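Here the structure comes first, spelled out in structure tokens, and everything after it is commentary.
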Amino acid sequence: MPKPSSKLPKQPTNAVKSEPKTYTFFEDVWAVTRQIPKGRVTTYGAIANYLGTKLSARMVGWAMNAAHTAKPKIPAQRVVNRNGMLTGKMHFKTPTLMQELLEKDGVAVENDTVVEFKKLFWDPALALAI
DNA sequence: CAGATGACTTGTG
DNA sequence: GCACAAGCCATCT
């Protein structure tokens with residue numbers, strides 16, 4: 001059906017160099033997500049907190065949605081909700097892909113939840129030391 | 001321009 | 001401990 005485009009979150013014609021008002025947020029989230037060590041996981045709240053918008057953890061989720069369109073692959077599988085549950089798995093190409101990737105990283109996943117999530121939790125604020 | 005949605009989090013009942 | 005509601009901000013309709 002004729003839906004030309006505009007499915008992505010605003011194609012950045014001018015990118016972030018012109019008016020970095022919103023895309024900065026996405027890039028920040030992606031940057032943090034990429035810095036997540038292998039075998040570790042973090043939460044939307046932690047990233048949001050690091051960015052200073054802990055009250056808007058939802059926006060982090062939106063950034064992950066945009067991560068699909070990001071050039072380099074974003075290890076969004078390492079980002080889970082506060083319960084350690086793979087809430088965003090359904091947004092992957094396949095619902096099981098997220099778990100597969102996590103297990104490949106060495107993270108045990110059971111019942112769509114990261115096992116010993118507390119132990120594997122990685123806080124960007126601590127790693128990046130602000 | 002206004003209303004609705006969302007890969008969340010926290011608080012109260 | 002579980003269920004419902006409010007808050008947050010950007011994007012979509």
Side-chain angles (χ1 to χ4, degrees):
Chain A
M1 45 129 57
K3 207 150 198 205
S5 53
S6 293
K7 206 65 189 280
L8 313 175
K10 236 70 179 300
Q11 266 301 314
T13 29
N14 46 13
V16 59
K17 67 194 300 183
S18 274
E19 190 77 45
K21 67 190 327 197
T22 59
Y23 248 78
T24 306
F25 189 87
F26 284 58
E27 290 199 341
D28 281 347
V29 174
W30 298 342
V32 174
T33 307
R34 287 202 208 95
Q35 284 163 80
I36 300 175
K38 184 184 168 197
R40 290 290 181 88
V41 293
T42 189
T43 70
Y44 302 95
I47 296 175
N49 183 27
Y50 171 71
L51 297 177
T53 64
K54 77 169 188 184
L55 298 177
S56 312
R58 276 178 167 159
M59 295 300 87
V60 179
W62 249 143
M64 290 296 109
N65 186 20
H68 262 266
T69 71
K71 303 90 171 257
K73 243 193 144 192
I74 307 294
Q77 73 276 10
R78 292 175 187 161
V79 182
V80 294
N81 75 341
R82 204 201 156 296
N83 276 325
M85 193 173 180
L86 312 181
T87 51
K89 65 170 187 172
M90 48 167 75
H91 285 268
F92 278 73
K93 200 176 169 186
T94 59
T96 54
L97 180 62
M98 190 174 187
Q99 179 171 337
E100 292 280 315
L101 291 170
L102 279 173
E103 290 184 334
K104 226 165 99 171
D105 278 353
V107 178
V109 177
E110 194 174 323
N111 246 355
D112 300 337
T113 308
V114 176
V115 182
E116 305 204 83
F117 157 74
K118 268 162 70 174
K119 211 151 89 163
L120 299 173
F121 176 71
W122 177 83
D123 191 343
L126 289 176
L128 303 177
I130 306 185

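Quantities reported herein were computed from a predicted structural model and do not represent experimental measurements. Within every chain, numbering begins at 1; the chains are lettered A, B, ... in the order of the sequence lines, protein sequences first and strands thereafter.
- Scored by the salt bridge (Lys or Arg N to Asp or Glu O under 4.0 Å) test, A:Glu116 finds A:Lys119 as partners (sequence neighbours excluded).
- Residues in residues 79-90 of chain A take part in these side-chain hydrogen bond (donor to acceptor under 3.5 Å, both in side chains) pairs, two or more places apart or across chains: A:Lys89-A:Asp112.
- The side chain to side chain contact (heavy atoms under 4.5 Å, CB included) check on A:Thr42 picks up A:Ile36, A:Ala46, A:Ile47, A:Val79, A:Phe121, A:Trp122, A:Pro124, with sequence neighbours excluded.
- Taking atom CE of residue A:Met90 and atom C1' of nucleotide B:dG6, one finds them 12 Å apart after rounding to whole Å.
- Going from atom CG of A:Asn49 over to atom P of B:dT9 covers 11 Å, rounded to whole Å.
- In this structure the side chain of A:Thr43 reaches within 4.5 angstrom of the side chain of A:Phe117, judged on heavy atoms.
- Its side chain outside the 4.5 Å cluster rule for every partner, A:Met90 clusters with none of the Ile, Leu, Val, Met, Phe, Trp and Tyr residues.
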Heteroatom pairs (N/O) under 3.5 angstrom, protein to nucleotides 6-9 of chain C:
residue : atom : partner : partner atom : Å
C:dG7   : O6   : A:Arg58 : NH1          : 3.0
C:dG7   : O6   : A:Arg58 : NH2          : 2.6
C:dC8   : O4'  : A:Leu55 : O            : 3.2
C:dC8   : O3'  : A:Ser56 : OG           : 3.4
C:dC8   : N3   : A:Arg58 : NH1          : 2.9

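- Distance alone, capped at 3.5 Å, is enough to place a donor-acceptor pair between the A:Asp123 side chain and the A:Ala125 backbone.
- Legend: salt bridge (charged side-chain N to carboxylate O under 4.0 Å, His left out) pairs involving residues 31-55 of chain A, not counting sequence neighbours: none detected.
- Only at 4.0 angstrom or more do the heavy atoms of residues 101-117 of chain A sit from any atom of DNA chain B, so none qualifies.
- Using a distance-only test at 3.5 Å, with no hydrogens or angles considered, a donor-acceptor pair links the side chain of A:Thr113 to the main chain of A:Asn111.
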Pairs under 3.5 Å (N/O, protein and nucleotides 10-13 of chain B):
residue : atom : partner : partner atom : Å
B:dT10  : OP2  : A:Arg82 : NE           : 3.0

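- Atom-to-atom, CZ of A:Phe25 to C1' of B:dA7 comes out at 13 Å; the value is rounded to the nearest Å.
- Following rounding to the nearest Å, A:Met64 (CE) and C:dA10 (P) show an atom-to-atom distance of 16 Å.
- Here the closest non-hydrogen pair linking A:Leu101 and A:Phe92 is CD1-CE2, 4.2 Å.
- Taking a 4.5 Å side-chain heavy-atom cut-off between Ile, Leu, Val, Met, Phe, Trp and Tyr, the cluster of A:Met85 contains only that residue.
- At whole-Å resolution of the value, CG in A:Asn83 and C1' in B:dA7 are 14 Å apart.
- With sequence neighbours left out, A:Lys73 forms a salt bridge (Lys or Arg N to Asp or Glu O under 4.0 Å) with no residue at all.
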Taking only N/O atoms, report every protein-nucleotides 2-5 of chain C pair under 3.5 Å with atom names and distance.
none

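- As judged by a 4.0 angstrom heavy-atom cut-off over every strand, A:Ala48 is placed among residues making no nucleic acid contact.
- Judged by distance alone, with hydrogens and angles left aside, the side-chain atoms of A:His91 form no donor-acceptor pair with the main-chain N or O of A:His68 at under 3.5 Å.
- A:Glu103 meets the side-chain hydrogen bond (donor to acceptor under 3.5 Å, both in side chains) test with A:Gln99; sequence neighbours excluded.
- Rounding to whole angstrom units, CG of residue A:Leu51 and P of C:dA10 are separated by 12 Å.
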